[in-house]
Amino acid sequence: EIGRMLNKDVQEPSRQANSPAGGIEVLQKSFESFTTATAKLQEAFRSLEVKFEAINRELEQKNRRLEIILAEKEEVRNYLETILESLTTGVVVTDLQGRITMRNGCAGRLTGLGRGAVLPGEFRGRRKVRLGENILEVLTSAVKARDGSSLGTVHILLDVTRVEKLEEMAKRTEKFAAMGEMAANI
């Protein structure tokens, strides 16, 4: 639009440039056209500056809001991580290939497996797993996306070693008691 105005203002005076007196008039009109065009350009520039400042302020406000949201998300993430690490049960999350994508400290101590390792097959679909001297009860649940597609599995590992040993001791005690009764009856 500004280009059209400049061309129009510059072209009109050039038609009268045939006479010497007309040359001064043309020069005067050219200066007037130039002054008018300059004023219009300055006004357009001021308008752009105002728009730029408004957009800049809006961008600064949105950046501040984003920083607040990111800080809140980081706080929630840290809170959830603290809860996960505070659990006395192991929590292991695996992807669809069985690779560990997340685990808490207890799961690391119970299994000795780190992130990226493949969870041994015996953990899948079994209720109890013997791992060295430890006996773990494994509870599993599918991890689903919002659309219902499967993302992996979460495994809850409960150390039931003491319970199993107590049950074994109770069975032995019952056997000895039964043998004692049999011996007393003889």
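- A donor-acceptor contact shorter than 3.5 Å is absent between the side chain of S47 and the backbone of E43.
- When all heavy atoms of R103 and I100 are compared, the pair lying nearest together is CB-CG2, 4.1 Å.
- Under the 4.5 Å side-chain heavy-atom criterion for grouping Ile, Leu, Val, Met, Phe, Trp and Tyr, L139 is connected to V93 within one hydrophobic cluster.
- The distance from the OG1 atom of T161 to the CZ atom of R130 is 8.0 Å, given to the nearest 0.5 Å.
- L96 is not connected to V138 by any chain of hydrophobic side-chain contacts under 4.5 Å among Ile, Leu, Val, Met, Phe, Trp and Tyr, and they are in different clusters.
- Pairing each heavy atom of T82 with each of S86, the nearest pair is O-OG, 2.7 Å.
- Heavy-atom minimum distance, C106 versus G90: SG-N, 3.7 Å.
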Under the side-chain contact (heavy atoms from CB on, under 4.5 Å) rule, what do K40 and T36 come out as? Steps first, then yes or no, please. CA-CA 6 Å; K40 288 178 182 178; T36 304; 3.7 Å; yes

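- With a 4.5 Å cut-off on side-chain heavy atoms, T89 and L157 do not count as touching.
- The shortest distance between side-chain heavy atoms of V76 and L80 falls below 4.5 Å.
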Take R77 and E81, measure what salt bridge (Lys or Arg N to Asp or Glu O under 4.0 Å) needs, and give me the verdict at the end. CA-CA 6 Å; R77 188 185 72 73; E81 191 174 292; 3.0 Å; yes

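- Annotation: side chain of H155 is in contact with side chain of T94 (closest heavy-atom distance under 4.5 Å).
- Using a 4.5 Å heavy-atom threshold, the side chains of R127 and E137 count as touching.
- With rounding to the nearest 0.5 Å, the separation of NZ in K29 from OG1 in T35 is 14.5 Å.
- Judged by distance alone, the side chain of S149 and the main-chain N or O of A145 form no donor-acceptor pair under 3.5 Å.
- Distance OG/S150 to CG/D95: 10.0 Å, rounded to 0.5 Å.
- Side-chain contact check for D159 versus L136: some heavy-atom pair is nearer than 4.5 Å.
- R115 places a side-chain N or O within donor-acceptor distance of the main-chain N or O of T101, the cut-off being under 3.5 Å.
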Donor-acceptor contacts, no H, no angles, side chain residues 54-68, under 3.5 Å, sequence neighbours left out:
from: E58; atom 1: OE2; to: K62; atom 2: NZ; distance (Å): 3.3

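- By the 4.5 Å heavy-atom criterion applied to side chains, L48 and F52 are not counted as neighbours.
- Shortest non-hydrogen contact noted between V143 and V154 is CG2-N, 3.7 Å.
- For E75, the CD atom counts as loosely surrounded, since its 6.0 Å shell holds 12 or fewer non-hydrogen atoms of other residues, nucleotides or ligands.
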